[in-house]
Amino acid sequence: MSRQRILLLSLFFLPISLAAAPAEIHANPERMAQHIKALSAFGANADGGVDRVAFSEADLAARAYIRDLMREVGLSVRLDTAGNIIGRREGSEPELPVIMFGSHIDSVPGGGNYDGDVGVIGAIEVIQLLQDNGIRTRHPLEVVSFTNEEGGLTGSRAMIGKIDDRTLSVVSHSGMTIGEGIRAVGGDPNRLDLAERKPGELKAFIELHIEQGAFLDAENIDIGVVEGIVGIRWWDVTIEGRANHAGTTPMNRRWDALLTAAEYILAVNRVATSMPGGQVATVGRIHAAPGAPNVIPGEVVLSLEIRDLDAVKIQRVFDEINVEGKRIADAHFTPIRYDEIDVASPPAPTDERMRRIIAKSAGDLGLSFKFMPSGAGHDAQDMALITPTGMIFVPSVKGISHSPQEFTSAEDMANGASVLLRTVLEIDE
Ligand SMILES: [Zn+2]
C-alpha cells in the first residue's frame, strides 16, 4: 500500500479514531448484572425465578422499567402496533436503513432471569457504551424488546406481517387472547400492518441470547456464533393393532400396537443417533387405547418430532425412521400411519456475513467462540426472513433454561454485549 493511500485511509478513519477504538470498549459486567437484578423483581417468585408471562401485570411493570432504561441512555422510545418496545438512536446518515438488535423480556410460567433479558439489557448496554465513548454510527440504531416471545413470537411475527385473526384469538398464558394482550400493552391488534417492516428498511438484525443447550458451558467457550435456528416437523403416528382379551389371546396371535410402539421408539432414537450431524428426533407423547390392564392395546397414537438446521436432513431422518417403522410394523401385523401437524417452522439459517462478523468480533476481543445451531426458537428466526440476521450466544450454566435455576455470569453477559457492540460497529462501516 502506498504511503499516500495510508494517509488517505487514516484521514478517512479520523472521525472514529477521535473516539475510543472499539477494541478498547468493553461492556460493564456490574452494570449489566444490576439491570438484570432490577428486571428480575418484576414477577419474582419464591423459587428465585420469575412468572412474567406476556401481558401479565408483571410484564406491564417490566415493560415500563425497560422503557425508562432506554430513555436514560438517550433512546427515543415508541411502541409499534404489536406492542414491541422500540428505542431509536439516529445515525449521521438518516436515510440509511436501520441496524436493529434486541430480544424479549417476557418469560414462560416459572421462568428464569436470563432468557431474553440478557439480549434486551445487552442491547441497552451497547447504546450506553456508544454514548459514553461519543460514537455516532452512520446508520440509525433501534433496540427492540419484542412482545410475547414465549407465547408464539408475537412481536417479530407482526414485524414480518405473519399474524392472522386465528393467532389473535389464541388464549395466552395471561388468560387474555393475544389480540387482547396486544391492546393491554398499548398496541392495536386491528392495525398490525403498521408494525410491519418493509424490505430495505432494515440493514440487519442481531439477537444476543443465552445458549439453551449446554455446549458453551461444558466446553468452556465464551461465545456461540449461531448458524441458524433449527427447523421443526411434527407428526402424529398411529399404529393399528387389534384390541383383544389379554387373558385368552395367546402370545403368538396378538396384534399388539403398543409392542410395535415400543420398538418404534427405540428405532427413532437409533436412526437419529446413527447419522452424523446435530439432528434430534423425539417421541414425547404416547397414548394407548383402550388403555386397560386386561386388554391388548388396539391402537397407539404417538408424537414424532424431528429438528435440524437443514430441511433436507429432516426429511432424510424421517425417511429412515419410516423404513425402520415399516419393517417393525410388518413384523407385528400392525400398520403405521403418519399425519403431519403443521407447525410452520422451517429452518432459519443466519446470514453468512453476520456469522463472520460476529466470529471476528469475538476473536478481536480475545474471546473463544464456536459455530453452532440453535435448537430453540427465537424472534431472530422471523427477522431472518426480512433482513440479514445474526445471533450471539453466551453460556448458560449447565444449559439450564426456562427454569429459576437459569444462570449466566456477569462476565459472560458483558462478553456478549461487547461482541454485540463490535458487530454493530462493523455492520455500520
Ligand atoms: Zn428467549
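Only heavy atoms go into these numbers, but all of them, side chains included; no hydrogens, no water, no symmetry mates. Read the numbers this way: they start at 1 and go in the same order the structure lists the ligands and their atoms.
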For this session: Please check if any side-chain donor atom of Asn415 sits under 3.5 Å from a side-chain acceptor atom of Glu411, or the reverse.
Result: no

Exercise. To the nearest 10°, what's the angle at the Zn ion (ligand 1) between atoms OD1 (Asp115) and NE2 (His104)?
Worked result: 100°

Exercise. Hey, is there an N, O or S on Asp379 sitting under 2.8 Å from the Zn ion (ligand 1)?
Worked result: no

Exercise. Are the side chains of Leu365 and Ile223 in touch, meaning some heavy atoms are under 4.5 Å apart?
Worked result: no

Exercise. Is any N, O or S atom of His378 under 2.8 Å away from the Zn ion (ligand 1)?
Worked result: no

Problem set entry | Polar side chain donor-acceptor pair, Asp115 to His209, under 3.5 angstrom | yes

Exercise. Is the gap between the ring centers of Phe215 and Phe393 under 6.0 Å?
Worked result: no

